[in-house]
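Here is the structure we will look at, set down as structure tokens.
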2 protein chains.
Amino acid sequence: MTDPIAFAKAIADDTRQRIMKLCCCERLTVTEITAKMQLTQPTISHHLAILRDAGLVNIERQGRETYYSLNQTFLTVCCGTLMMQFAPNEHVTATVKQELLMPE
Amino acid sequence: MTDPIAFAKAIADDTRQRIMKLCCCERLTVTEITAKMQLTQPTISHHLAILRDAGLVNIERQGRETYYSLNQTFLTVCCGTLMMQFAPNEHVTATVKQELLMPE
DNA sequence: TAATCATATCGAAGATTGTCTATTTGTCAA
DNA sequence: TTGACAAATAGACAATCTTCGATATGATTA
């Protein structure tokens with residue numbers, strides 16, 4: 001579900017991290033995102049598809065527009081999984097890991 | 001220092017994550033790591049260099065052998081940075097983020 | 001219905017990456 | 001000092017990825 005390799009590949013690109021930052025705290029249409037970047041609309045759609053396939057964005061279709069926003073919860077879970085997998089000895093208490101893995 | 005793009009690129013590969021898992025909790029020589037994988041020694045060295053450049057492994061030269069081990073602390077810091085950057089609204093308390101960013 | 005707008009998909013060009021073999025560098029032992 | 005071993009580097013090739021222009025799909029408006 002939260003495959004560390006799929007997650008890492010999805011966020012391992014400058015363009016995608018810029019997109020993630022843009023729609024981190026608000027939902028934006030593809031056109032709005034495109035306007036804020038120096039890239040074409042098909043390129044933005046391509047990267048959004050990669051983020052979507054990784055489960056990293058929430059999607060809301062509304063008429064002919066599609067709103068994208070970052071799935072902060074899932075991202076946090078993925079980071080928690082990474083830490084559990086690769087930093088089991090690190091001084092982050094079990095409770096913290098727990099909190100990270102099941103936010104809310 | 002903890003560039004989220006450099007970090008993501010470093011861990012965005014199956015071979016590197018397998019190596020990370022191997023030397024997560026013990027230090028291993030290049031020969032030992034190579035023995036546990038189905039790849040050649042130069043390939044392993046190549047991936048170790050990428051992990052080294054990203055700051056993700058500790059290196060100890062000892063005679064003609066070189067021991068590698070995962071830098072769990074740095075990995076944890078990188079995950080913390082990711083969460084700070086992309087999940088500021090997530091219900092992980094500021095203290096937790098703090099703990100993640102300055103372990104110990 | 002026809003025209004327009006928003007987004008997705010296709011196919012191709014160029015760049016980047018992962019892996020290999022061959023070779024080099026550095027260290028230890030005989 | 002020579003031979004053997006450990007690890008790094010160089011160069012080549014195939015696979016993957018990013019980006020683009022062109023086009024298709026789907027929804028709204030005139």
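Chain identifiers are assigned alphabetically (A, B, ...) following the order of the sequence lines, protein sequences preceding nucleic acid strands; residue numbering begins at 1 within each chain.
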Could you work out, with side chain to side chain donor-acceptor pair (under 3.5 Å) as the rule, every residue matching B/Thr2, not counting sequence neighbours? B/Thr81

Just verifying a value: how many Å separate A/Asp13 CG and B/Ile5 CD1, rounded to the nearest 0.5 Å? 8.0 Å

Quick check on the hydrophobic clustering: are B/Leu70 and A/Phe7 connected, directly or via other members, by side-chain heavy-atom contacts under 4.5 Å? yes

Please tell me whether B/Val77 and B/Val57 are part of a single hydrophobic cluster in this structure, the criterion being side-chain heavy atoms less than 4.5 Å apart. no

Evaluate the criterion side-chain contact (heavy atoms from CB on, under 4.5 Å) for residue pair A/Asp14 and A/Gln17; output intermediate values, then yes/no. CA-CA 5 Å; A/Asp14 175 57; A/Gln17 287 205 14; 5.6 Å; no

Which residues satisfy the salt bridge (charged side-chain N to carboxylate O under 4.0 Å, His left out) test with A/Glu60, sequence neighbours excluded? A/Arg27

With heavy atoms of chain B within less than 4.0 Å as the criterion, where does contact along DNA chain C begin and end? C/dG18 to C/dC28

Among residues 6-16 of chain B, which contact DNA chain C at a heavy-atom distance under 4.0 Å? B/Asp13, B/Thr15, B/Arg16

OG1 on B/Thr34 to CG on B/Leu28, rounded to 0.5 Å: 10.5 Å

Contacts of type side chain to side chain donor-acceptor pair (under 3.5 Å), residue B/Lys36, not counting sequence neighbours: none

Would you mind writing out the side-chain donor-acceptor pairs for residues 43-56 of chain B within the sub-3.5 Å range, not counting sequence neighbours?
unit_1  : atom_1 : unit_2  : atom_2 : d
B/Thr43 : OG1    : B/Thr40 : OG1    : 3.0
B/Ser45 : OG     : B/Gln41 : NE2    : 3.1
B/His47 : ND1    : B/Arg16 : NH1    : 3.0

Checking side-chain contact (heavy atoms from CB on, under 4.5 Å) between B/Met20 and each of B/Thr15, B/Leu75, B/Asn71, which is the one that passes? B/Leu75

Please write out the pairs of protein N or O atoms and N or O atoms of nucleotides 9-15 of chain D separated by less than 3.5 Å, giving the distance to one decimal.
none

Expected output is a numbered-order residue list: members of residues 30-40 of chain A with a heavy atom under 4.0 Å from any atom of DNA chain C. What is it? A/Val30, A/Thr31

Tell me whether B/Met37 is reachable from A/Phe86 by hopping between hydrophobic residues (I, L, V, M, F, W, Y) whose side-chain heavy atoms are closer than 4.5 Å. yes

Between the side chain of A/Glu65 and the main-chain N/O of A/Gln62, is any donor-acceptor distance below 3.5 Å? no

Distance check, rounded to the nearest 0.5 Å: B/Glu90 atom CD versus A/Cys24 atom SG? 10.0 Å

Could you tell me, to 10°, how much the axis swings from one end of the helix from C/dT1-D/dA30 to C/dA30-D/dT1 to the other, five pairs per end? 10°

By salt bridge (charged side-chain N to carboxylate O under 4.0 Å, His left out), B/Arg64 pairs with (sequence neighbours left out) none

Transitive ILVMFWY side-chain link A/Tyr67 to A/Ile33, under 4.5 Å: no

In residues 63-71 of chain B, what residues come within less than 4.0 Å of DNA chain D, judged by heavy atoms? B/Arg64, B/Glu65, B/Thr66, B/Tyr68

Under the rule for salt bridge (charged side-chain N to carboxylate O under 4.0 Å, His left out), what residues qualify as partners of A/Asp3, not counting sequence neighbours? none

ILVMFWY network linking B/Phe74 to B/Met84, side-chain heavy atoms under 4.5 angstrom: no

